[in-house]
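Here it is, the structure in full.
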Amino acid sequence: MQTHTLFFSPTKTGATVAQAVQNGLQGLPGESPIGESIDITKAAVHKTFDEDDTVIVVMPVYSGRLPKIAVERFKAVNGNGAKGVAIAIYGNANAGDALLELTDICKEQGFEVIAAANFIGEHSFTMKQFPLAAGRPDTADLQKAEKFAELIREVLNGTGPLTLPKVPGSHPYSKDPMNLPGVAATGTNLDDCTICGLCETVCPTSAITMTENGPQTDGKKCSWCSACVKVCKSNARLFTSPKVKETAERLFTNFQERQEPKWFLPARK
Ligand SMILES: Cc1cc2nc3c(=O)[nH]c(=O)nc-3n(C[C@H](O)[C@H](O)[C@H](O)COP(=O)(O)O)c2cc1C
């Protein structure tokens with residue numbers, strides 16, 4: 001009986017929330033030992049859980065849905081009756097149908113979903129002139145993640161049916177999942193690039209190849225996740241697509257109000 005995390009998290013906001021919830025499940029009566037952190041950001045992981053495990057599953061919202069590649073990679077996992085906690089993390093704009101989709105795919109992979117939540121993470125397209133949920137999850141978010149964990153533990157220790165209330169989203173989902181845009185969002189300022197290779201390492205779709213002339217980006221493979229921009233220590237990776245800037249400006253104009261995490265738990269005694 002262990003508490004695991006499983007996440008697709010190119011810019012690590014989801015991974016941070018997953019860990020905070022996992023930590024929150026420790027050190028309290030009825031705790032279960034910390035298990036594995038299973039990262040499916042770069043590749044699928046074949047894993048079958050035990051029935052008495054709890055697994056915190058976290059994925060980001062891309063255009064109101066889950067990233068196609070995350071859903072694909074998740075199919076290598078067998079929940080085998082383990083308890084699932086579904087968390088969709090979004091950039092303070094709109095979570096769309098993603099949380100419903102996440103609970104759906106958790107069930108399809110054999111989890112009994114006992115809790116679900118939307119959390120907020122710094123938007124992948126945040127930039128100096130258009131900050132979007134910058135720095136989130138922040139201390140207040142992580143405290144909420146621990147509170148959520150406490151409530152999950154109460155559910156696990158309670159009696160009665162484990163019926164999850166309705167989560168946001170609708171069937172059929174209102175949008176198709178986002179396709180790869182077909183052009184790279186990012187490129188490299190070679191004057192600043194130290195050819196360290198970190199951008200190549202973090203890219204979830206292997207769109208970046210390091211050469212002696214710097215990183216080459218395959219526009220057809222780029223998912224616009226911005227992992228390379230955020231990881232680059234010399235700020236050489238930049239958004240090159242004007243569409244990113246346009247989107248950031250639009251989001252900055254329309255979604256300033258701070259959204260808070262929201263959770264959905266069975267009313268168990
Ligand atoms: C291609 C793309 C589409 C996105 N679409 C949305 C969206 O529809 N609504 C939203 O609030 N945030 C959206 N985001 C922001 C991410 O959901 C947010 O930054 C999240 O915290 C990223 O998770 P990660 O750090 O675990 O990768 C999008 C990000 C990307 C890269």
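Whatever order the structure lists ligands and atoms in, that order sets their numbers, starting from 1. Just so it is clear, the values below take in all heavy atoms, side chains as well, and ignore hydrogens, waters and symmetry mates. Note that the coordinates shown come from a computational prediction; the quantities given were computed from them, not determined experimentally.
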Quick one: closest heavy-atom pair of Thr13 and Pro137, and the distance?
CB-CD, 3.8 Å

Looking only at protein heavy atoms, what sits closest to atom 10 (C) of ligand 1 is Gly91 N, 3.4 Å

Taking the ring of Tyr90 and the ring of Phe119, is the distance between their centroids below 6.0 Å?
no

For Lys230, I'd like to know if atom NZ has over 12 heavy atoms of other residues, nucleotides or ligands within 6.0 Å.
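Counting neighbours around NZ of Lys230, more than 12 heavy atoms of other residues, nucleotides or ligands fall under 6.0 Å, so yes.
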
Within the structure, does Val61 bring an N/O atom to less than 3.5 angstrom of an N/O atom in ligand 1?
yes

So for Gly64, does at least one of its heavy atoms come nearer than 4.0 angstrom to any atom of ligand 1?
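Distance cut 4.0 Å: Gly64 passes for ligand 1.
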
Of all the heavy atoms in Met178, does at least one lie under 4.0 Å from an atom in ligand 1?
yes

Value rounded to 0.5 Å, distance of CZ in Arg237 from OG1 in Thr240:
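Atom-to-atom, Arg237:CZ and Thr240:OG1 are 7.5 Å apart.
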
Heavy-atom closest contact (Gly214 atom, Ile195 atom, distance):
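Looking at all heavy atoms of both residues, the closest pair is N-CD1, 3.9 Å.
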
With heavy-atom distances below 4.0 Å as the criterion, list the atoms of ligand 1 near His123.
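Numbered from 1, ligand 1 contributes 12 (N), 13 (C), 14 (N), 15 (C), 19 (O), 28 (C), 29 (C).
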
Out of Tyr62, Phe7, Phe255, whose heavy atom is nearest to atom 30 (C) of ligand 1?
Tyr62

Please confirm whether Ser63 approaches ligand 1 to less than 4.0 Å, judged on its heavy atoms.
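Flag set, Ser63 near ligand 1.
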
Around Lys245, counting heavy atoms of other residues, nucleotides and ligands shown, do more than 12 lie under 6.0 Å from its NZ?
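Check fails, neighbour count at 12 or below.
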
For Pro10 and ligand 1, does the shortest N/O to N/O distance drop below 3.5 Å?
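By distance alone, the answer is yes.
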
Find the distance between CD1 (Ile38) and CZ (Phe8) and round it off to the nearest 0.5 Å.
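Between Ile38 CD1 and Phe8 CZ, I get 15.5 Å after rounding to 0.5 Å.
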
Are any of the N/O atoms on Ser9, whether in the backbone or the side chain, positioned under 3.5 angstrom from an N/O atom of ligand 1?
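Checking ligand 1 against Ser9, an N or O pair does fall under 3.5 Å apart.
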
To the nearest 0.5 Å, what is the distance between CG on Leu251 and CD on Glu246?
11.5 Å

Which bit of Thr11 gets closer than 4.0 Å to ligand 1, counting heavy atoms only: side chain, backbone, both or neither?
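Both parts.
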
So the atoms of ligand 1 within less than 4.0 Å of a heavy atom of Cys225 turn out to be 31 (C)

So for ligand 1, is Tyr90 a polar contact partner (N or O within less than 3.5 Å, distance only)?
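For ligand 1, there is no N or O atom that lies under 3.5 Å from one belonging to Tyr90.
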
Could you tell me whether Glu51 and Lys83 have a side-chain N and a carboxylate O separated by less than 4.0 Å?
no

Taking 4.0 angstrom as the limit and counting only heavy atoms of Pro60, give me the atoms of ligand 1 inside it, by number and element.
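By the 4.0 Å cutoff, the relevant atoms are 22 (C), 23 (O).
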
Any atoms of ligand 1 less than 4.0 Å from a non-hydrogen atom of Ile89? List them with their elements.
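Counting from 1, the qualifying ligand atoms are 17 (O), 20 (C), 21 (O), 23 (O).
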
Interfacing atoms of ligand 1 (cut-off 4.0 Å, heavy-atom, Thr13):
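That gives atoms 20 (C), 21 (O), 22 (C), 23 (O), 24 (P), 25 (O), 26 (O) of ligand 1.
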
Look only at interatomic distance and state if Ala95 has a nitrogen or oxygen under 3.5 Å from any nitrogen or oxygen of ligand 1.
no

Please classify the Ile120 to ligand 1 contact at 4.0 Å (heavy-atom distances, strictly less than): side chain, backbone, both or neither.
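Contact part for Ile120 vs ligand 1: neither.
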
Ring geometry between Phe49 and Phe111 (parallel below 30°, tilted from 30 to 60°, perpendicular above 60°)
tilted

When you group the ILVMFWY residues by side-chain heavy-atom contacts below 4.5 Å and let the links chain together, are Val71 and Val57 in the same group?
yes

Considering the heavy atoms of Trp224, write down every atom of ligand 1 situated less than 4.0 Å from one of them.
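So the answer, numbered in order with elements, is 31 (C).
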
Show the atoms of ligand 1 that are less than 4.0 angstrom away from any heavy atom in Glu122.
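In order of numbering, the contacting atoms are 18 (C), 19 (O), 21 (O).
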
Among all protein heavy atoms in this structure, tell me which lies nearest to atom 29 (C) of ligand 1, with the distance rounded to 0.1 Å.
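Protein heavy atom at minimum distance: Ser124 OG, 3.3 Å.
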
Restricting to side-chain hydrogen bond (donor to acceptor under 3.5 Å, both in side chains), what partner residues turn up for Thr209, sequence neighbours left out?
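Residues passing side-chain hydrogen bond (donor to acceptor under 3.5 Å, both in side chains) with Thr209: none at all.
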
So which protein heavy atom does atom 9 (N) of ligand 1 come closest to, and at what separation?
Asn94 O, 2.8 Å

Which of the atoms of ligand 1 are close to Ala93, meaning less than 4.0 Å from one of its heavy atoms?
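By the 4.0 Å cutoff, the relevant atoms are 10 (C), 11 (O).
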
side-chain contact (heavy atoms from CB on, under 4.5 Å) partners of Glu72, counting only residues at least two apart:
none

